[in-house]
Amino acid sequence: MKIKNSESSLFCGSSNFLQISKEALGNKQPEIKLFKIELSQYSNIIDVLLKYLSPQEVLRAKRYHQLRDSNRFIICRSFLKILIAQQNKIDVSQVYFEKGDNHKPYFPLDKTLFFNVSHAGDFAIIAIGNCELGIDIEKVDDHFNYSEIIPVVFSAIEIEAIHSSEQSRPMFYKFWTRKEAIVKAIGTGIDEGLIRLPVTDGFHNISSFLVCNFKNVRVTSFELNENHIGSLAITTNDINNDSIAFYPNPTIEEIIGLI
């Protein structure tokens with residue numbers, strides 16, 4: 001929900017989201033579903049996944065100069081379409097996307113459904129839910145020199161938190177993914193306002209202008225695995241972390257069987 005008053009609430013924290021097994025699928029469905037995709041597991045069925053893409057999406061895949069980037073797009077886009085089709089109980093061929101005023105894609109046949117995709121290294125993650133949301137994951141790179149980025153992106157308080165942390169590099173990536181997830185949720189993209197978004201742990205009262213007049217934004221950081229850090233931003237306080245869960249991906253057999 002968007003409001004026009006001058007202040008919004010932004011909360012940042014960390015959590016370990018639930019992992020739902022296939023055996024538990026009959027229980028209550030989470031309100032936000034997360035899907036972790038190990039890209040290399042699907043590189044041998046690219047030809048199958050291509051069949052789920054529209055001619056325009058196939059052309060987009062071919063524009064990538066690197067085969068790795070092309071395959072990543074094919075895997076992520078086909079998975080997104082399959083997951084949306086399953087959620088709406090429709091054929092994958094009925095899933096297509098349009099872009100809103102902020103250039104953020106949406107599924108026009110179900111405007112109550114929101115989604116976002118992020119990738120890093122050999123992993124991608126898809127978030128699907130019932131509110132505007134943003135997801136970002138990053139691989140912790142021990143050789144990346146982020147010293148020049150810090151003063152451009154982070155406030156003095158955030159810089160102090162990074163430098164004083166016993167795990168300064170993971171802290172950098174945690175703060176970075178939080179800011180990325182926020183701007184993806186509100187649909188603004190990275191700009192000079194990034195430094196003004198506070199992402200230290202706790203509640204922050206901020207100008208509503210900074211978050212496109214959303215009243216509440218909540219960001220939860222998590223560890224995807226031992227060397228990937230992620231953050232999920234949602235634009236409501238009505239969903240708690242118990243209603244956010246990693247969901248099992250469709251199997252390769254199921255994907256092939258949908259053709």
Side-chain angles (χ1 to χ4, degrees), residues 6-19 32 34 36 116-125 127 132-212 214-237 239-242 244-246:
S6 60
E7 281 200 344
S8 294
S9 174
L10 169 62
F11 174 78
C12 298
S14 299
S15 180
N16 292 316
F17 294 129
L18 297 172
Q19 302 270 349
I32 307 288
L34 305 176
K36 182 173 72 172
N116 200 231
V117 181
S118 181
H119 56 80
D122 190 41
F123 287 91
I125 189 166
E132 290 280 12
L133 51 80
I135 189 85
D136 187 62
I137 59 170
E138 298 289 343
K139 183 177 181 179
V140 178
D141 185 348
D142 292 333
H143 303 291
F144 176 61
N145 182 4
Y146 52 77
S147 59
E148 293 183 1
I149 295 177
I150 284 184
V152 178
V153 176
F154 297 114
S155 68
I157 293 174
E158 292 161 348
I159 294 172
E160 172 60 24
I162 292 171
H163 288 325
S164 63
S165 172
E166 294 181 358
Q167 296 183 309
S168 59
R169 186 168 293 270
M171 183 70 75
F172 163 80
Y173 281 101
K174 178 190 289 187
F175 285 178
W176 174 262
T177 58
R178 285 179 178 180
K179 297 205 180 204
E180 278 264 25
I182 293 169
V183 297
K184 292 175 76 175
I186 64 178
T188 58
I190 297 175
D191 58 23
E192 64 276 4
L194 205 62
I195 196 172
R196 300 171 61 193
L197 288 172
V199 291
T200 52
D201 286 354
F203 284 96
H204 308 275
N205 290 322
I206 61 173
S207 168
S208 295
F209 172 78
L210 292 175
V211 288
C212 295
F214 283 100
K215 181 179 179 180
N216 296 291
V217 178
R218 194 169 91 241
V219 190
T220 306
S221 299
F222 58 92
E223 292 185 0
L224 190 68
N225 56 27
E226 64 277 3
N227 57 3
H228 286 76
I229 290 174
S231 291
L232 170 72
I234 60 176
T235 53
T236 178
N237 274 340
I239 299 174
N240 58 44
N241 285 346
D242 291 339
I244 303 171
F246 281 96

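Only this structure's heavy atoms are used, side chains among them; waters, hydrogens and symmetry mates stay out. Please read these numbers as outputs of a predicted model, since none were measured by experiment. The first residue in the sequence is number 1, and the count goes up from there.
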Is there a donor-acceptor pair under 3.5 Å between the side chain of T177 and the backbone N or O of D136?
no
Here the gap from L224 atom CG to E138 atom CD, rounded to the nearest 0.5 Å, amounts to 11.5 Å
Taking atom CG of N225 and atom CG of D122, what is their separation to the nearest 0.5 Å?
10.0 Å
Measuring from F11:CZ to I234:CD1, what's the distance to the nearest 0.5 Å?
11.0 Å
Test side-chain contact (heavy atoms from CB on, under 4.5 Å) applied to L232 and V219, N116, I244, the passing residue
I244
So, S118 side chain and I125 main chain: donor-acceptor pair closer than 3.5 Å or not?
no
Test side-chain contact (heavy atoms from CB on, under 4.5 Å) on L194 and W176 and set out the steps.
CA-CA 10 Å; L194 205 62; W176 174 262; 4.2 Å; yes
Measure from the side-chain N and O atoms of S208 to the backbone N and O of E7, and report whether any donor-acceptor pair falls under 3.5 Å.
yes
Set of residues satisfying side-chain contact (heavy atoms from CB on, under 4.5 Å) with respect to R169, sequence neighbours excluded
V140, D142, F144, Y146, Y173
Tell me the closest heavy-atom pair linking A120 and K139, and the distance in Å.
CB-N, 3.7 Å
For residues S147 and P151, report the shortest heavy-atom separation together with the two atoms involved.
O-CD, 3.2 Å
Does any non-hydrogen side-chain atom of L210 lie less than 4.5 Å from one of L10?
no
Taking atom CG as the centre, does N16 end up with more than 12 heavy-atom neighbours from other residues, nucleotides or ligands that are less than 6.0 angstrom away?
no
If I compare all heavy atoms of F154 with all of I159, which pair ends up nearest, and what's the gap?
O-CD1, 3.6 Å
How many angstroms lie between atom CD1 of I137 and atom OG of S221, to the nearest 0.5 angstrom?
13.0 Å
Residues two or more places apart in sequence or in another chain: which of them pass ring-ring contact (aromatic ring centres under 6.0 Å, His included) with H119?
none
Of all heavy-atom pairs between T188 and C212, which one has the smallest distance, and what is that distance?
CG2-SG, 3.2 Å
S155 backbone acceptor or donor facing R196 side chain under 3.5 Å:
no
Test item: P198 and I206 side chains (from C-beta on) under 4.5 Å apart, heavy atoms:
yes
I149 CD1: over 12 foreign heavy atoms closer than 6.0 Å
yes
Does the side chain of S8 come within less than 4.5 Å of F214's, by heavy atoms?
no
Closest non-hydrogen atoms of G13 and R178, given as atom of the first, atom of the second and distance, are O-NH2, 3.1 Å
Counting only heavy atoms not in Q167, do more than 12 sit closer than 6.0 Å to its CD atom?
no
Measure the shortest side-chain to side-chain distance between N216 and T236 over non-hydrogen atoms and say whether it is less than 4.5 angstrom.
no
Does the side chain of N241 reach to within under 4.5 Å of the side chain of R218, using non-hydrogen atoms?
yes
Counting distance only, does the side-chain N/O of T235 pair as donor-acceptor with the main-chain N or O of E132 below 3.5 Å?
yes
Closer than 3.5 angstrom, by distance alone: can the side chain of K184 be matched with the main-chain N or O of I135 as a donor-acceptor pair?
yes
Going by ring-ring contact (aromatic ring centres under 6.0 Å, His included), name the residues that satisfy it together with F222, two or more places apart in sequence or in a different chain.
F17, F246
Salt bridge check: are K179 and E158 linked by an N-O gap of less than 4.0 Å?
yes
Minimum heavy-atom separation for G134 and A185, please, with both atom names.
N-CB, 3.4 Å
The residue among I162, N227, I229 that forms side-chain contact (heavy atoms from CB on, under 4.5 Å) with P170 is I229
Just verifying a value: how many Å separate E166 CD and M171 CE, rounded to the nearest 0.5 Å?
10.0 Å
